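Take a look at the structure below.
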Amino acid sequence: MKILTCISHVPDTNAKIPFKDGQPDLNGISFVIAPYDDFALARAVELRDQTKGKLTVLNVGLADTEPTIRKALAIGADDAIRVNAHPHDAFYVASQIAAIAKQENYDLILMGRESSDFNGGQVHGMVAEMLGLPCVVPCMKLDLNGNVAVMQREIEGGKEIVEVALPFVAGCQEPIAEWKIPNMRGIMSAKTKPLKVVEPVAVENYTRIIKYEMPPQRSSVKMIDKDNIGELVRLLREEAKVL
Amino acid sequence: MEMVERKEALKGGEFLIRESEAHDVFIPEDFTEEQRMMAQACTDFLRTEVFPNVDKMEDVESGFMIELMNKAGELGLLGISVPEEYGGLGMSFNTSMLVADVLGTGGSFSTAFGAHTGIGTLPILYYGNEEQKRKYLPKLATGEWKASYCLTEPDAGSDANSGKTKARLSEDGKHYIINGQKMWITNAGFADLFIVFAKIDDDKNLTAFIVEKSYGGITMNDEEKKLGIKGSSTRQVFFNDCHVPVENMLSTRGNGFKIAVNILNIGRIKLAAAVIGACKDVITMATNYANERKQFGKPISSFGAIKHKIGEMSALTYATESAAYRAGQCIEDKINSLIAEGMDEAQAKLKGVEQFAIECAIMKVHGSEVLDYVVDESLQTYGGMGFSEEAPMARAYRDARITRIYEGTNEINRMLLVGMILKRAMAGELDVLGPAMAVAKELTSVPTFSAIDASVLFAEEKEAIKGLKKAVLMVAGKAAQTFGPALEEQQEIMMHVADMIIETYVAESALLRTEKLIGIRGEAACQQYINMARLYLNRAADKVAYHGKEAINSFATGDEQKVMLMGLKRFTKMNPINATAIRRELADFVIEQNKYPF
């Protein structure tokens with residue numbers, strides 16, 4: 001069983017990201033494996049152990065993402081690939097993943113349902129399309145039965161149980177598995193596991209970010225005395241402009 | 001690469017008479033990616049296993065601590081210091097400090113962890129024979145077995161060697177039969193193995209034994225009702241004709257007190273590491289609360305009174321951290337150099353720590369008192385809510401209090417550290433005599449006002465540190481001269497001198513760390529670090545002046561007293577700084593980050 005898990009390198013979800021000159025200022029921000037990807041990785045480690053297969057972790061990113069990749073190795077991936085490029089957008093990232101997957105014939109390609117930085121939630125679908133594979137999102141439970149996977153999706157008002165033959169792509173979320181904390185031995189062995197750096201394939205960039213805007217600051221609540229209905233009506237009309 | 005010449009390494013206590021270079025000092029910012037990943041794994045462990053289950057953990061009868069220890073074992077956290085050949089990870093000394101630091105946030109868990117991996121495991125690692133190590137260490141490193149350490153008795157606390165627990169050889173010569181009572185035994189409730197100190201027959205000195213619970217003859221009282229760390233198991237343990245195989249004697253007959261002392265040295269510096277994590281966590285909670293809590297229409301973090309607390313707590317924590325890891329690395333370097341000279345690893349570790357026993361005691365006292373200050377001021381920041389068990393401050397406040405008591409009370413440690421310096425001076429191991437005489441001479445000579453080159457980074461602060469050292473040498477030197485060996489009976493003076501030494505070491509460490517950081521990141525990126533180093537030094541100079549005055553006035557009279565007080569004033573003189581403005585600027589940064597950010 002050859003499993004590929006794709007991970008994004010994202011700011012810690014607790015981090016408060018300041019903007020400087022209209023751009024996010026990531027100086028001093030700590031980075032983590034995107035939480036949904038982390039769930040996918042946890043399940044991938046379990047499936048690898050169960051099938052005695054091989055688990056490769058992939059990230060599209062520049063050299064600064066390597067500590068995050070090594071964390072995935074510490075958690076249990078056998079080896080890693082870093083596509084040496086800035087992850088411009090979902091299409092760009094999906095194209096890089098697909099280019100590698102075409103050469104490697106993975107049985108399973110798992111990733112999070114979306115990253116926690118730009119939250120596009122498109123990469124899994126695009127990868128599946130490019131590879132001509134089925135895609136299940138959001139995959140909340142995944143069990144293997146020979147060459148068939150049984151998965152559970154949450155749908156409006158209930159659950160959907162899906163059966164898919166390998167190979168396929170899945171965008172995962174909890175409770176597919178519990179996050180794994182790397183153990184000390186895993187951390188020590190991470191530095192000796194192979195981390196291959198490959199150059200990206202040429203892909204046209206179809207999108208560009210024009211600007212970022214902060215949501216408008218919510219104004220504070222104004223308390224109006226219950227005997228002063230006239231003032232309330234005036235404020236609703238003139239300030240809130242809802243009347 | 002620029003070649004940095006490393007001078008001969010500093011010996012224990014030598015900081016009093018020698019300057020350190022910033023590039024020779026280890027700073028927490030030097031930790032590698034791998035060490036940081038380990039620290040992060042510890043944080044993740046606390047976040048997923050400990051913090052959501054604090055109430056369960058605090059109920060010592062729930063048995064949840066055993067579950068936590070097992071999980072910690074699965075992650076490899078219990079085998080950090082155990083060599084790989086005995087099933088551990090064989091990590092470096094400062095890595096084990098870092099792990100203790102992060103796990104220090106875990107309250108009761110931190111105590112259970114510390115007792116198992118420290119005083120429970122290390123006696124076997126350092127003093128066990130090969131067979132004992134092979135038999136017990138793998139079980140302890142994985143957490144399959146939990147360990148505890150039985151030294152204290154109802155009538156033998158600080159005076160540990162006065163214990164009454166007895167061991168006698170059985171008639172067939174195969175067992176030692178232990179009888180006695182031990183008290184305040186951490187992890188007792190679930191331990192599978194006890195390191196027990198007892199006197200064989202009428203010996204003067206203690207002998208240590210490895211006692212398995214399965215040997216029988218061990219009974220316990222109920223769990224103690226404690227002020228804090230309520231989740232950690234603490235019981236009285238009774239040995240009633242407990243038969244211990246003779247091969248389970250640890251080291252040699254009568255060597256137990258030495259084992260106890262040396263193991264405690266390690267426990268002391270690890271405790272200093274553990275308080276760092278706790279301080280940072282508590283400061284973060286207090287800052288969060290101060291940012292959220294509004295009074296008079298504003299977050300209370302916007303008030304100077306609260307900024308003072310946040311600034312001061314941050315500077316103290318920064319300084320403690322700087323000193324703890326500086327000392328930790330000195331120990332690690334010494335261990336490595338002893339191993340390179342061909343010494344056996346376990347022996348090297350012991351000797352390395354013993355060499356820096358003074359610094360271990362300094363850090364234990366300082367770290368625990370900084371934590372107590374931090375929990376007190378953080379609770380105060382929470383106001384009424386701080387007094388409620390609904391908020392986390394009440395527990396933090398209670399949990400912190402034990403740190404001034406265990407691993408040797410702070411009073412014992414203060415006297416120990418001064419005593420060790422005097423002893424090493426007498427033995428010619430530490431040349432304080434020459435420098436002390438030079439200071440005495442300086443006292444009676446005309447002061448020279450050497451111009452300080454203001455263009456050199458921290459030139460003034462470095463002069464100030466030199467002055468503090470002179471103050472220590474003057475007071476300690478004169479006290480030793482006045483009382484001779486009887487100085488040990490002048491406990492108040494010993495304590496004042498200890499405080500002078502502690503403040504000097506910590507202030508110097510904070511300054512060295514900041515200087516090294518500036519070298520790496522540039523001055524502009526280090527403004528808050530500079531603020532913290534300056535704040536700490538300013539405070540240290542005042543403290544040295546106060547304790548120096550107290551000490552001098554308690555034994556010197558007449559002209560001698562006058563000359564010494566003048567000298568003290570000269571040696572602790574600092575150009576005034578606007579500490580309020582600096583503290584505000586620092587606090588504003590912490591408040592903006594909404595956490596302890598250093």
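Both backbone and side-chain heavy atoms feed into the values below; hydrogens, waters and symmetry mates do not. Note that the coordinates shown come from a computational prediction; the quantities given were computed from them, not determined experimentally.
- When all heavy atoms of A:P67 and B:M37 are compared, the closest pair comes out as O-CE, 4.0 Å.
- Rounding to the nearest 0.5 Å gives a distance of 4.5 Å between CE of A:M184 and CG of B:L77.
- In this view, B:F31 and B:F26, B:Y325 satisfy the ring-ring contact (aromatic ring centres under 6.0 Å, His included) rule, not counting sequence neighbours.
- Across B:A41 and A:I187, no two heavy atoms sit closer than the pair CB-CD1, 4.0 Å.
- The contact between B:I80 and chain A is made entirely by side chain atoms (from C-beta outward), counting heavy-atom distances below 4.5 Å.
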Is there any N or O donor on one of chain B and chain A with an acceptor on the other under 3.5 Å, and could you list each such pair with its distance?
residue : atom : partner : partner atom : Å
B:E33   : OE1  : A:R70   : NE           : 3.4
B:E33   : OE1  : A:R70   : NH2          : 2.6
B:E33   : OE2  : A:R70   : NE           : 2.6
B:E33   : OE2  : A:R70   : NH2          : 3.4
B:E34   : OE1  : A:K191  : NZ           : 3.4
B:E34   : OE2  : A:K191  : NZ           : 2.8
B:D44   : OD2  : A:K71   : NZ           : 3.4
B:L75   : O    : A:M184  : N            : 2.8
B:G87   : O    : A:R185  : NH2          : 3.4
B:G88   : O    : A:R185  : NH2          : 3.2

